[in-house]
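Keep in mind that this is a model prediction, so the values were computed, not measured.
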Amino acid sequence: HQEGVAVFDGQEYTYFTVEDGLSDNQVRSMYEDASGQIWFECGRGLSSYDGQKISTPSAKNYGLRNAWQANPGDLWFKGDEANGYNSNEGQAGVYRYDGREFFYHEFPLKPVSGQAFYHSVSTPFVRGKNDRLWFGTYGAVVGYDGSEFLVLDNAALGLSEATGYLHVRAIFEDSKGNLWIGNNGIGVWVYDGKDATSFTALHRGKMPFMASGGPERVFSIGEDANGNIWFGTIGSGAWFFDGTSLSNYTRKQGLESNHIWTIYRSRQGEMWFGGADPSGVYAFRGGIFKRIF
């Protein structure tokens with residue numbers, strides 16, 4: 001959150017902060033490009049690590065903001081501000097990195113008066129099936145397939161003050177091509193390519209422990225090797241969906257953190273969870289959570 005980034009070599013951790021060249025001590029997402037360079041999407045700005053030092057690029061192209069394109073090897077990053085956009089960006093959008101240059105592209109979204117943060121990127125980007133890209137902003141999810149845009153916003157989902165509005169904090173496309181959208185307040189929506197449904201509303205009340213709660217403040221989503229979907233929440237730990245029913249994991253199962261910021265499946269198929277309140281990193285092993293550090 002405000003501690004920079006750490007690299008673990010199997011025995012010890014090495015930390016990097018703004019004193020080492022990192023653009024900001026809040027690190028939101030990490031990506032690896034085709035050359036093996038690691039990129040850190042920070043609260044403010046963007047930095048990279050080549051295995052020896054941290055660098056923060058400054059040269060960016062703002063002349064092709066509406067000339068969108070998508071190539072398989074491109075990486076995409078949020079705007080340079082923690083929320084909203086700066087004078088160079090001028091409107092909510094994303095940076096595309098083609099391995100050589102950064103291009104800023106505007107979202108095809110109408111600005112909301114007095115709320116510059118509304119269409120700021122709030123999630124890591126997702127590359128789905130057929131290389132469709134998904135971008136989560138606080139007030140909408142934008143899909144781009146290389147030629148056309150698909151916008152899932154309050155109007156498209158039929159949301160109102162009575163139902164609650166989008167506050168997107170996580171997006172994830174599963175192995176079946178379903179797009180899961182986690183919100184801070186109205187739970188999870190799922191889009192199957194044709195229709196969008198409130199997953200949380202559908203399951204609320206089916207089980208006693210969900211009568212007045214459930215996965216409603218969702219900040220992370222993942223899928224395990226068996227196709228089960230995991231949700232990380234703020235306030236109620238992790239939730240597990242096996243395709244039929246939901247199960248909740250908290251301190252009783254070894255998950256001490258109430259706020260699960262991120263869910264990650266390792267190359268070996270193991271599920272990892274990064275949390276806060278209190279902070280910790282956990283692996284799910286044998287039906288329980290083991291705290292790694």
Closer than 4.0 angstrom, basic N to acidic O: yes or no for [X] and [Y]?
| X | Y | value |
| --- | --- | --- |
| E270 | R285 | yes |
| K60 | D80 | yes |
| K176 | D174 | no |
| K129 | E173 | no |

Distance in Å, [X] [atom1] paired with [Y] [atom2], rounded so as to fall on 0.5 Å steps:
| X | Y | atom1 | atom2 | result |
| --- | --- | --- | --- | --- |
| T123 | K78 | OG1 | NZ | 11.5 Å |
| I221 | T262 | CD1 | OG1 | 11.5 Å |
| Y104 | E89 | OH | CD | 4.0 Å |
| I229 | D224 | CD1 | CG | 7.5 Å |
| S198 | I181 | OG | CD1 | 10.5 Å |
| L22 | F16 | CG | CZ | 9.5 Å |

For a quick test of reading the model, state the closest non-hydrogen atom pair linking [X] to [Y] and the distance between them.
| X | Y | value |
| --- | --- | --- |
| F219 | I260 | CB-O, 3.9 Å |
| G287 | Y249 | O-CE2, 4.0 Å |
| E101 | D98 | N-OD1, 2.8 Å |
| N25 | V18 | OD1-N, 3.0 Å |
| S47 | G21 | OG-O, 3.9 Å |
| Y85 | G90 | CE1-O, 3.3 Å |

Next item on the list: Could you please spell out the steps behind the ring pair (Phe, Tyr, Trp, His ring centres under 6.0 Å) verdict for H119 and Y138?
Entry: CA-CA 6 Å; H119 291 141; Y138 290 101; over 10 Å; no
Determine whether [X] and [Y] make a side-chain contact, defined as any pair of heavy atoms from C-beta on separated by less than 4.5 Å.
| X | Y | answer |
| --- | --- | --- |
| L246 | F240 | no |
| Q37 | E32 | no |
| N183 | R217 | no |
| V94 | E106 | no |
| F102 | F77 | yes |
| W239 | V218 | no |
| I171 | V141 | yes |
| D145 | S147 | yes |

Identified ring-ring contact (aromatic ring centres under 6.0 Å, His included) partner of [X] from the options [options]:
| X | options | value |
| --- | --- | --- |
| F273 | W261, W230, Y282 | W230 |
| W180 | W189, F199, W134 | F199 |
| W39 | Y31, F125, Y97 | Y97 |

Is a side-chain N or O of [X] found less than 3.5 angstrom from the main chain of [Y], in a donor-acceptor match?
| X | Y | answer |
| --- | --- | --- |
| D192 | K194 | yes |
| T200 | P215 | yes |
| N154 | L157 | no |
| Q115 | V112 | no |
| T163 | S160 | yes |
| S120 | F117 | yes |
| S257 | P278 | yes |
| N226 | N228 | no |
| S48 | I38 | no |

Item checked: Derivation of the side-chain contact (heavy atoms from CB on, under 4.5 Å) call for R132 and V126 -> CA-CA 8 Å; R132 182 192 290 273; V126 168; over 6 Å; no
Establish whether [X] and [Y] are linked, either directly or via other cluster members, by ILVMFWY side-chain heavy-atom contacts under 4.5 Å.
| X | Y | value |
| --- | --- | --- |
| I292 | F8 | yes |
| L152 | V190 | no |
| M30 | Y264 | no |
| L46 | L133 | yes |
| L166 | L109 | no |

Checklist line | Residues forming a ring-ring contact (aromatic ring centres under 6.0 Å, His included) with F149, sequence neighbours excluded | finding: W68, Y144
Next item on the list: In sequence, state the C-alpha distance, the side-chain angles, and the governing distance for N71 and Q69, and then conclude on side-chain hydrogen bond (donor to acceptor under 3.5 Å, both in side chains).
Entry: CA-CA 7 Å; N71 305 302; Q69 59 176 283; 3.2 Å; yes
Margin query: Between T250 and L255, is the side-chain contact (heavy atoms from CB on, under 4.5 Å) condition met? List the steps.
Written below: CA-CA 5 Å; T250 58; L255 186 62; 5.8 Å; no
Margin query: Set out, in order, the CA-CA distance, both residues' side-chain angles and the distance that settles ring pair (Phe, Tyr, Trp, His ring centres under 6.0 Å) for F284 and F289, then state yes or no.
Written below: CA-CA 4 Å; F284 187 66; F289 287 83; 4.9 Å; yes
Next item on the list: Look at atom CG of N130 and say whether more than 12 heavy atoms of other residues, nucleotides or ligands are closer to it than 6.0 Å.
Entry: no
Item checked: From CA spacing to verdict: salt bridge (Lys or Arg N to Asp or Glu O under 4.0 Å), E223, R265 -> CA-CA 7 Å; E223 180 179 14; R265 189 171 83 189; 5.3 Å; no
Next item on the list: State which residues pass side chain to side chain contact (heavy atoms under 4.5 Å, CB included) with Q26; sequence neighbours excluded, sorted by chain then number.
Entry: H1, Q2, D24, R28
Item checked: Derivation of the side-chain contact (heavy atoms from CB on, under 4.5 Å) call for T233 and E216 -> CA-CA 7 Å; T233 73; E216 298 189 356; over 6 Å; no
Item checked: Test ring pair (Phe, Tyr, Trp, His ring centres under 6.0 Å) applied to H105 and Y95, step by step -> CA-CA 6 Å; H105 299 314; Y95 288 96; 9.2 Å; no
Note to self: I want to know whether F135 and F107 have ring centres closer than 6.0 Å.
What the structure shows: yes
